[in-house]
Enquirer: 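This is the structure I want to talk about, given as structure tokens.
Proteins get letters first, then strands, A, B, ... in listed order; numbering begins at 1 in each.
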Amino acid sequence: MKIGVVVFPGSNCDHDCEHVFKDVLGQYVEMIWHKETLLAGLDAIVIPGGFSYGDYLRTGAIARFSPVMGAVKEFAQKGGLVIGICNGFQILLEAGLLPGAMLRNRSLHFICKDVHVRVENAATPFTNACHPGQVLKIPIAHADGNYYTDPVTLAGLKANAQVVFRYCDADGRVTPEANPNGSLDNIAGIRNAEGNVLGLMPHPERCAESVLGNEDGKLIFLSMLESLKKNKKPLKMVEA
Amino acid sequence: MALESVPMTKDLIAQHNLTDDEYKKIVEILGREPNLTELGMFSVMWSEHCSYKSSRVHLRKLPTTGPRVVQGPGENAGAVDIGDGLCVVFKMESHNHPSFIEPYQGAATGVGGILRDVFTMGARPIALLDSLRFGGLDTAKNRHLMKGVVAGIAGYGNCMGVPTVGGEVRFDDIYSLNPLVNAFCLGIAHKDKIFRGTAAGVGNPVIYFGSKTGRDGIHGATMASDSFDDESEQKRPTVQVGDPFQEKLLLEACLELMAGDLLVGIQDMGAAGLTSSSCEMASRAGNGIELDLTHVPRREPGMTPYELMLSESQERMLMVAKAGKEEECIRICRKWDLDVAVVGKVTGDGMLRVLDRGKVVAEIPAKALADDGPRYERPYSPPAYQDMLTNLNYDAIADVKDANAALLSLLESPTIASKRWVYEQYDHMVRTNTMVRPGSDAAVVRIKGTNKAVAMTVDCNGRYCLLHPYEGARLAVAEAARNLVCSGAEPIGLTDCLNFGNPERPDIMWQFVLAIEGMKDACEHFKIPIVSGNVSFYNETNGLSIYPTPMLGMVGLIEEAERAMTQWFREDGDAVLLLGKSRDDLGGSEYLKVVHHREQGSPPFLSLETEKALQDFILRVIREGLVQSAHDCSDGGLAVALAESCVSAPGVRRGAVVRLPLDSLRRDALLFGESQSRAILSVKPDVAETLLNRAWDAGIPAAKIGTVGGDRLVIDVEKGRWSDGCRIDLPLEQVHDRWANAIERVLGDT
């Protein structure tokens, strides 16, 4: 498969995502500079974590205006798989590809640690290698991961099974104590209504190799490859 | 030559922290009086911070060579060969003074500076560590300083995408008015693609890139070469303001520039900004540089040559490109949205000549500025109070009765307690190399594309150094090496950051000279070269000096990454072994401080031969795959080390039942004394005996002292020759809670 990893000024998990897809999973990876407007022949797009534009103004608020985002939107509208991790999730929210917004963590601190998330929907292209309710241990690393949205949108997310991951304890219980950042309804990751765009705060690329002591994150990338293989249809060049 | 003329008064010279003799030397070098700009340039380059004028004669004694050394001291950072055509590039630097004045920005720019030192060498930074010292957390000011410093380190490092994988934080009231912030950075470079700060090739263009120059940080280097008093907070404008986003762009631009065949030399603009980067590059190559300030990108209009040459605005670099490659360099900088301008050229006359709108505003031999600064052999003698510190009558100190209570108070002493509150604010996993996260003896990162991993630790017990600077420095080297060895790594190099008081005081200079001797002897014995470093003097406020704190950052190599070792117990039923001999070593211990409120006595005994034998043995058996966990015994002694092995694993706790013979020791010395050359290993039960025999064969006292398992930590001390025994018996939950949450309880919601 050909995976595109978008590089904004200030992206810093771009190499990590490249490493997982290329060196761990043996896929072809293309790094996409944020000034590009043509996305040719890609099977999936990764918006990696980091501090795009230094998180100035608001996380993801400037990146959404980058030239590449027009092409990403078009790619998503045509059904292409897009995954936004951490800052990538924040950018997808700002760009309107996913609903809601991020607030400062409840503690007001940056938090970097392992958390547990429960797979709430295992029927997505990003989770089909997991079983429903499976608990994954994945690290978070963010200051603004406190997901928020209005009650109507939240109801919609729930009704359409768009909540893909919730923070939980090691046994899969979704409790206030297991919520690291104050996120609404313990939400750790959501998909769009169509199901081809996923945003999540945890970093699966940081736990996809045994040498790092944890491979839970690999399931998400394997799911993507699996669903791409099933639905492989050549994508034509997309113009922004 | 038209030089602006300002009369050189005594006041003006004194304001620039120059002595009369130093001023005379300047006049001699120039053959005339300097102008104001030149006076400013001399004052920063000849400051203690930049010139090492009090330390250089002693630093020369340190061992800096070895078969693996690719670059020793004198460059932006040191480099050590790790095989596979790669080397690790690392350095540690202090940012103490700015961090006291403005903790967030002071610490943030400290991280920024050390990162630049490393990537300037052509290395991609892959790990940061920090050594911090604060006063006790019982005052609001100290809590404010600690929160600000931690937030500053997090703010900068996290945004850069370089993980902060470890470090240490210690607390003592002596640091209340002068906290220490020492940042360590390690990067990876190709051995044959190391870049240096050299202005070779007459006619080559000198290119400025990065942020614009502003009026911030003017005289930062001079401030760092002065003591503090109550007015120091008014020096806030001399603290620079960091922009990690800009630095991230600078990093990527530098690595892209270095990937092409474009550069001759490159140096970051740290302390003394444009002045130091230009004169040092010129001096290293035996050349001169002509700078035209007209082209320097600036943040505000009306800046004088004096301000432009002395500004310490962050995130700026100076490179010497190959002639004809200017356009390509400029293109790459612009791609990363950086300011860039050709600001001068390399000349053959050895002069640093500065022009502003066609007019020469400064003209100084580059070598005179960079290398011919004053050197002092300052007098030194032990302080009068030294004997009072070391003489301690142990008979007057009652032996421990309630060992449970003593252990719990040690575990919640912030120096020993878990630093989780700190490191959870640092992204310690980005770049996906972190194999051993903060909280074990050393941090371990794998090196992608190889089978190898690198272990890193930062260490120094300032109290030991106060009680005996020579012993304290030896102990610091020994402990750093032991931490690495317990992580499965062979120590291969060292960087230092020597934090001391005012060198003009003979007692402080005595501490410095002895500490250097101690480091030298230990490093020579262990064959660990010192490849880079930094000296920070004048760490005192209102005449009260910090403890001598020669901080060490040590790097070790693990040839097979999967052999990386951690300090926590791994499996129930494993045998717990104690290697090394316990003595009556209570002097300078955390126990004496926490329980008896004394910071006195002689630091623990250290034999370099014994230490080396122990380390060689541990490394050998870890490499053979015989060890489940290894933990060095240091602060808080054996009992604390055992407790940490029980509760420090992420997410898991494992108890242990241990029995210790008291022999002729005191109970508190056995449990909490800080005897050196000891480690706790846990091993599978069936290899315990072989391992013990092999240890004795290697001359190392060794004993099986217990078994891993259960949900309690039980330590039975058997009756000895002079004293009764005692017992520690605590539920792990309580042990964990006291240790893991102590710092958060103090800092949590204030």
Enquirer: Considering the options A/Arg206, A/Glu205, A/His203, which one meets the side chain to side chain contact (heavy atoms under 4.5 Å, CB included) requirement together with B/Met429?
Expert: A/Arg206
Enquirer: Relative to chain A, which segment of B/Arg431 carries a heavy atom at a distance below 4.5 Å: side chain, backbone, both, or neither?
Expert: both
Enquirer: Which atom names give the shortest non-hydrogen contact between B/Lys335 and A/Trp33, and what distance separates them?
Expert: O-CZ2, 3.6 Å
Enquirer: Just wondering, do B/Glu424 and A/Phe110 contact through their side chains at under 4.5 Å, heavy atoms?
Expert: no
Enquirer: Side chains of B/Arg446 and A/Glu209: closer than 4.5 Å at any heavy-atom pair?
Expert: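 Side-chain contact under 4.5 Å: yes.
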Enquirer: How many angstroms lie between OH in B/Tyr426 and CD1 in A/Ile111, if you round to the nearest 0.5 Å?
Expert: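 The OH atom of B/Tyr426 sits 15.0 Å away from the CD1 atom of A/Ile111.
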Enquirer: Any chance the side chains of B/Asp243 and A/Tyr56 put a donor and an acceptor closer than 3.5 Å?
Expert: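 Yes.
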Enquirer: Is B/Glu562 close to chain A through its backbone or its side chain, or both, or neither, when contacts mean heavy atoms under 4.5 Å?
Expert: neither
Enquirer: Just give me the residue among B/Ala561, B/Ala154, B/Gly161 that pairs up with chain A most often, heavy atom to heavy atom, under 4.5 Å.
Expert: B/Gly161
Enquirer: Quick check on B/Arg420 against chain A: is it the side chain, the backbone, both or neither that has a heavy atom closer than 4.5 Å?
Expert: neither
Enquirer: Is A/Lys113 salt-bridged to B/Asp427, cutoff N-O under 4.0 Å?
Expert: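 No, this pair does not count.
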Enquirer: For a 4.5 angstrom cut-off between non-hydrogen side-chain atoms, does A/Val211 reach B/Met435?
Expert: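 Yes, close enough: below the 4.5 Å cut-off.
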Enquirer: Under a 4.5 Å heavy-atom cut-off, does chain B meet the side chain of A/Ser107, its backbone, both or neither?
Expert: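 Contact with chain B: none, neither part.
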Enquirer: Taking everything shown except A/Asp23 itself, do over 12 heavy atoms lie less than 6.0 Å from its CG?
Expert: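 Yes, enclosed.
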Enquirer: Please check this pair: side chain of A/Asn12 against backbone of B/Val162, looking for a donor-acceptor N/O pair closer than 3.5 Å.
Expert: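 No; zero donor-acceptor contacts below 3.5 Å.
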Enquirer: Is A/Asp114 close to B/Pro650 at the side-chain level, that is, under 4.5 Å between some pair of heavy atoms?
Expert: no
Enquirer: Identify the heavy atoms of A/Leu212 and B/Thr434 that sit nearest to each other, and give their distance.
Expert: CD2-O, 3.7 Å
Enquirer: For a quick test of reading the model, state the closest non-hydrogen atom pair linking B/Cys159 to A/Gly54 and the distance between them.
Expert: SG-CA, 4.4 Å
Enquirer: Non-hydrogen atoms of chain A under 4.5 Å away: do they reach the side chain of B/Asn433, the backbone, both or neither?
Expert: backbone
Enquirer: Taking side chain as everything from C-beta outward and backbone as N, CA, C, O, which of these in A/His142 sits under 4.5 Å from a heavy atom of chain B? Side chain, backbone, both or neither.
Expert: neither
Enquirer: Taking all non-hydrogen atoms of both residues into account, name the closest pair between B/Leu249 and A/Pro9 and its distance.
Expert: CD2-CB, 3.6 Å
